[in-house]
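For reference, the structure is listed below as structure tokens.
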Amino acid sequence: MLKISVEKIDELFKAIAEKQTLYIPTDREDGASEYKKYEDGMKLSGNLNTLRSAKDFFFPQTENLADFKMEGKKIEVIDIREEAEDFVVFGVRACDARSFTILDKVFLSDPVDSYYKNRRDHGTIVTMACTKPAETCFCQTFGIDPTEPEGDVACWSDGESIFFKANTEKGQAFVDSVSGLLEDGDTTKLDETKAKTKEIMGKLPLANLSTEAFGGDKLMEHFKSEKWAELSESCLGCGTCTFVCPTCQCYDIKDFNTGNGIKRFRCWDSCMYSDFTKMAHGNIRNSQLERFRQRFMHKLVYFPSNNNGEFGCVGCGRCMSKCPISMNIVKVMKALEVK
Amino acid sequence: MQVNDNKEFQPLIVAFCCNWCSYAGADLSGTNRLNYPTNVKIIRVPCSCRVNPMFILRAFQRGADGVILCGCHPGDCHYTSGNYFTRRRMTLLFSMLDFLGIERDRTRVEWVSAAEGAKFAATMNEFTEAVKKLGPNRRLEDLRCRKQ
Amino acid sequence: MNNNLKEQVLRSSGVNVLKCMRCGKCSGTCPSYDEMEYHPHQFVYMVEKGDIETLMESKSIYKCLTCFACVERCPRGVEPAKVVEAVRLATIRKQGNNHLIPDAIPEMLDEDLPQQAIVTAFRKYTK
Amino acid sequence: MQEAMISKAKQLLADGTVTRVIGWKKGEFAYDITPAIFESSEEIDRDFVYDDFTSTNVSKYLVKESKKEGKILAFLKPCDTYSLNQLTKEHRVDRDNIYVVGIPSDGKLDIEKIKAKGITGITGVERDGETLKISTVYGDETMSVADVMSNKCISCKSKKHVTYDELIGEDGEVITSDRFDMVEKLENMTSEERYNFWRGELSKCIRCNACRNVCPACTCENCVFNNPDSGVENKAAADSFEENMFHIIRAFHVAGRCTDCGECSRVCPQNIPLHLLNRKFIKDINSLYGEYQAGADTTTKAPLNDYTTEDCEASIVHERGVE
Amino acid sequence: MQKIGVFVCHCGTNIAATVDVKAVAEALSHEAGVVISQEYQYMCSEAGQNLVKDAIKEHGLTGVVICSCSPRMHENTFRKAAAAAGLNPYLVEIANIREQCSWIHKDIATATEKAIILGKAAIAKVHLNTPLVAGESPVAKRALVIGGGIAGIQTALDIAEAGFEVDIVEKEATIGGKMAQIDKTFPTLDCAACILTPKMVEASQNEKITIHSYSEVSAVKGFIGNFTATIKKKRRFVDETKCTGCGACTEVCPMQKVPNAFNLGLNNRGAVYIPFAQAVPKVATIDANYCLKLRKGDVNEKVCGKCAAACTVGAINYHQQDEYIEQKYGAIVVATGFNPIKLDKYDEFAYNQCPDVVTSLELERLMNAAGPNGGTLLRPSDKTHPHKIVFVQCVGSRCDDSKGKPYCSKICCMYTAKHAMLIREKYPDTEVYVFYIDVRTPGKNFDEFYRRAVEQYNVHYIKGMVGKVTPKADGTIDVQASDLLSNEQLHIDADMVVLATAIEPDKTARPLATMLTTQMDTNDFFTEAHAKLRPVESATAGIFLSGACQGPKDIPETVAQASAAASKAIGLLVKDSITCNPCVAHSNELMCNGCSACEKVCPYGAITYQDKEFRTPYRTTVMRRVASVNPAVCQGCGACTVACPSGAMDLNGFSNSQIMAEVDAICK
């Protein structure tokens, strides 16, 4: 298997960054990590995961869709779409890597979202296998193996070297482009690391969380559950869970009048918000209970119902650590599965 | 904000003037033909206390380089107390803007009575100069609104 | 009427003669009045008319003591003394000795020359 | 403490003083506590918890809960009582429909600080005096409690309950704290340094609205940022201006009303020190208009709804501190 | 769909000279919603207004923007025009391109650019204007006249004649003002006291008139029809209701070295005094600065007290305190008058050095039968008869430096002619010289009067100005002056010099203007609402101007203006109610939190709260505390709109969205 020594990782980053934009997870002053555009001297984060997910690269929080220019009483529509430049996102975890399968189902099925597709076409996802999962991790619940991540290229570290395997054509092209820096390596130690990680996975508090009680066919029993009232009563209706979630994909389209024209843009929206999908007649979900229910029903029931059983959650655990009142999908699942 | 390569920087100044004192003072500087720069554009409000911090931020967002609030002298408010509230609100708001690193000379409160046409013109001249020195507002503008 | 001269006098004096309201207070106040052929208020009026040459030829320009009483008392701030001074300068310039170059001063100095003379000369011959 | 609270709650439920209890409920791990409403002794016995991680200020829930049928028992920490008082002053809660039991708090812990030490896979947290024993799937760790104390508790302003119907334990005193130190530090920076500091912080904002939605002073029926007619409505910051705008207006709207409970900074997923904006206003108000603590009582006029004819002019901003 | 009409006024050349009005109309015609954009010579003229009216009817306009003078000038004119054409008057917006554009800028290009932006802002605002309907507010049937000179007296008499209560507030101990100090009046030479004092008596006896002498207005609140003034009655240490004006106290007062203010300090009076024989009210006043007892500080100490002992009715009260009266008024008339300026800065006239150099007003007292010399003209220095008197015109008037006043004081030419004539008539042995710059005598019989002084009385009028006045050791005064027509400098050996001193508004006028929120010019004269068409109204509704407080005036003019101001005030007072401003606050109950912030900042107590039931989803209801505004009480300041965090409170005519639309348009 092709590998590079951990010490030489900076050389690799430099080599990639010379050809295209490279994003790597790096530590901030407050200890959290986030993706940043690679610049010389930037260090790869040792954290398990970034605060915001890799979703942002393909589906940014705000994005211009079109411009309107107004000259006197005439309006002109300007298509501002441009071919994106190639870029690489390095160090994506298995959970986030899976989120693209979910996002693709939304944005790349007909009608195709050209803005999203443009970035997907030009972005190469390089994943990194996990070695130190946290208590909030439950990717295995959704059949994700953190030691065998997906993505255009998968990477593993055994502490000394980083190993590379291309999963797609785009991934192969990426590996080829840096093959000069790579060498063949022995995977014995890597296999040990993987085994150790798998063992830890089995010991995690959420190891036994199951999706058995959920899926497209469980609609009415969950929708009508009396548990929602209790579960949602402390929900603040903020959008934290939505905005840190790698799979949430709802957005709102708005016009901004700059004074010289209109910018039509989209921005993330949250089904937890009271003004979500507010229309002329008002809101479709009037209470926080309904809004709360919507979010979890979508992840656990509606999405699998429309997508051959694929769940809308990848178990990254971000919502678990970021919810201001510590309400989260795991608590919901556990509450609902009890008959 | 207008920038022209050949010309010096011409700041855009938004002046909120209360109807009873400062707007009348501005009228008086017109009646007395006292010049002040065209950079200053006046918005009439019934009282300085009508000016919401949102209006001031909005002006900066849209490319104003300075915002000045003019009202009756303390004690002379047509509505008896409006400018006292203005004074507290704007002190705190400007202090906050300063705290966020927005240049403090971009904001100002000035009391101009209906009889002070000369003061109005002098204040506007002074303020425009001060803002001119600061250059364009870059710290509190919305890039989407910047003129091409 | 000599427009060039008028402009020169107006420029070097910095006086706006149009501000004069013909009250005659300058002449009422002038201590050299009786010595003068043309009086302070006439200076202002004649400059306004552009009749500079007449003034330049008159001895009156040397009779003004530059006491500034007229400047002090003029209700309109016209400053007649400055007009007189400007006409005087116009005469000096006409003679061609109108400028004093700072670099040329060291050569002209002699020990007995009063400090004030240099300052006065500088004031007069550099306009 | 937890036992005393449970028995008090059960007693008040049993004697009919209250019909519901607002408190905290255990989570999956040692630290993920959720505020909850309990209606029976059974529920209380099963889930009620009061420990080092029950930091949520439950006062805001009382806006809705106090309007419901039947009295509700609220366990309030000292800082939470200030919030309730402020809400009472602004007629946002029906104080008569709340039975407040004041409970002491010797500081809550911040799980983020524990995790920031590189500790993960946490399966249990145990406190032993001033040390903390943390068990993880990777082995056990110990650390000092002081190291991982929640920021809002480190700069605690008061151990005194300003409103209560009953107290468990002794009431404390208003204490002096160093809560304005960081504000002062920023004030002493140059304008540009301050600008860079705040740009760095506010650019992290993802506009999740957690700060707003958790804030006990933000109880508008319809927030200006949700109201399309307000002219400032927006859902996400499309420009750095909008990042600034949201936080300036939010802080301004709670100026003179913010009790400095620290919840905004606690819940910020991006760890933006939002409380500094509120504290800047508090510091300015204290120094320019006299000491004022929002929520200390229910009658005094808020500083922004008040004035004196001798107030300083706005130009004081230009005259003091560092440019 | 909005249909907006834009009308750009040339205002003759007032706007058109500096703003390219055609370009403005053309640029604004392209704005969204604008269906017609026109320019016209005088939009405020009937033809101009008809243009607006016709356009409203023809195009079915939903909004009108007038680019013209200040809205403070003609907003109402255009609102009325719109209303006449069937458009709600509050759908009219004014872009101020005169006072705030053409008059202050010189460069046509930039002024035009600014005018377009101001027009765009008005269009942006009018897009969001809503039709408003005005309510009504009652008018208090009482007028306040500030100042008790001839102007104030005449105004008060006229208003009282119409049947309304009037209060006169006079800061001195008596009404009468400057006219009471004057000896004779031009051009008829009748005695001032003979025509003034009957009016003073009439005022004091009119049951509708209340005179507050020795009083000041200390605060004014409110608005047209509904002012509340606080009047401070300064303590005079004499009970006005008891004092009979017998003067016994003034005779026993041992402190007789008080400069007599009524005689301009030319002689002395007692510490307790009645300003002059015909004073109204004829009541004594004790000057606390000189009274031996009051000066001590402790009135209980056994000092002097002679006046109290002499008073047979017990009117003297050393313990009297200032008294404050609060009263509601429908209209206020300002009649604060004038004073001669101080001559400290005019050393050349030796006014402060030589007692025989006097001001014209001092001469009035010197010649007055009730004056210090009983009407015989004597030099103040040695009480001798002056044989040569020089009058100097324009002292401090028409002066563009910091010493004097830039304006012509208007009355000096005439009173100097009067003085010269009176002296020549009474003392034919006296030579009189008048130095003048111009003799200004517009007015009925005025020039004839001046000519009489020259032709009949042989007064020497010399075109020229006095440059220097030098008192000499022999008691005469050397007057050095120019005679421009003979082109010589003169020296006159005078016995007396009389300075025609410039007049200026009373010092109390400026603080009063501030209190009343009325405009003043740079010279502290009150500014009228319109220099030509509304000369006796101030720009602030309900406040009228009478007499010299508005500009220099002689007596006939003052009286004419006083009566005009009275008639304007009467026109207001006869109304039972006036239409109120519909630009008031209103609360959106759906958004209101009931937090009371608005209530706490409202200066009028216009906001109240009520619990109201609101529908919530799924056929449930909730009780909420919400604010409501009383539109009759609200004055529309907008303090509540900013105090309201949720934005539930907004202001008609100046809504959040309207102001932001203006900001946007300006910053475009």
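For clarity, every value in this text was computed on a predicted model and none was experimentally measured. Throughout, a chain's letter reflects where its sequence line sits, starting with A, and its residues are numbered from 1.
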Over 12 non-hydrogen atoms of neighbours within 6.0 angstrom of NZ in E/K328:
yes

So, does E/H105 use its side chain to make a donor-acceptor pair with the main chain of B/Y36 at under 3.5 Å?
yes

The interface call for E/A643 against chain B, heavy-atom contacts under 4.5 Å, is both

Below 4.5 Å from any heavy atom of chain E, which atoms of B/R44 appear? Answer side chain, backbone, both or neither.
both

Taking every non-hydrogen atom, the tightest pair across B/V14 and E/C667:
CG2-SG, 3.9 Å

NZ/E/K221: more than 12 non-hydrogen atoms of other groups inside 6.0 Å
no

Sidechain-backbone polar pair: B/N35 side chain, E/I104 backbone, donor-acceptor under 3.5 Å:
yes

Of all heavy-atom pairs linking E/A639 and B/F85, the shortest is CB-CD1, 4.4 Å

Just verifying a value: how many Å separate E/W103 CH2 and B/L34 CG, rounded to the nearest 0.5 Å?
12.0 Å

Which bit of B/N19 comes within less than 4.5 Å of chain E, counting heavy atoms only: side chain, backbone, both or neither?
both

Does any part of the side chain of E/V642, heavy atoms only, come nearer than 4.5 Å to the side chain of B/T86, both counted from C-beta?
no

Greatest number of non-hydrogen atom pairs under 4.5 angstrom with chain E, of B/G82, B/G25, B/A59, B/S29, falls to B/A59

Let's test your reading of the structure: which of E/L516, E/N581, E/N656 forms the most heavy-atom pairs below 4.5 Å with chain B?
E/N656

Just give me the residue among B/V51, B/V40, B/I42 that pairs up with chain E most often, heavy atom to heavy atom, under 4.5 Å.
B/I42

Tell me, for B/H73 versus chain E, whether the close heavy atoms (under 4.5 Å) come from the side chain, the backbone, both or neither.
neither

Please name the residue in the list B/P46, B/C18, B/S48, B/C49 that meets the side chain to side chain contact (heavy atoms under 4.5 Å, CB included) test with E/C637.
B/C49

State, with a plain yes or no, whether a side-chain heavy atom of E/I659 is found less than 4.5 Å away from one of B/V45.
yes

Is any side-chain heavy atom of B/R50 closer than 4.5 Å to a side-chain heavy atom of E/L651?
yes

Report yes if the side chains of E/T641 and B/N52 come closer than 4.5 Å at any heavy-atom pair, otherwise no.
no

About how many Å separate CD1 of E/I666 and CZ of B/R58, when rounded to the nearest 0.5 Å?
12.5 Å

When only pairs under 4.5 Å are counted, which of B/D76, B/I43, B/T38 shares the most heavy-atom pairs with chain E?
B/T38

May I ask you to name which of E/C583, E/C69, E/G636 has the most heavy-atom pairs under 4.5 Å with chain B?
E/G636

Where does B/F55 contact chain E at under 4.5 Å (heavy atoms): side chain, backbone, both or neither?
both

Among E/K668, E/R510, E/E662, E/R72, single out the residue with the greatest number of heavy-atom pairs under 4.5 Å to chain B.
E/R72

State, yes or no, whether a side-chain contact exists between B/Y23 and E/E99 at a heavy-atom distance under 4.5 Å.
no

Contact origin within E/N14 toward chain B - heavy atom pairs under 4.5 Å
side chain

Selection from B/S113, B/C21, B/A24, B/P37 maximising heavy-atom pairs under 4.5 Å formed with chain E
B/A24

Report which part of B/V67 has an atom under 4.5 Å of a heavy atom belonging to chain E: side chain, backbone, both, or neither.
neither

Among E/R98, E/Q100, E/K114, E/M660, the residue with the most heavy-atom pairs under 4.5 Å to chain B is E/Q100

Spacing of OG1 belonging to E/T527 relative to CG belonging to B/D27, to within rounding of 0.5 Å:
11.0 Å

If you count heavy-atom pairs within less than 4.5 Å of chain B, which of E/V601, E/T110, E/D524, E/T522 leads?
E/V601

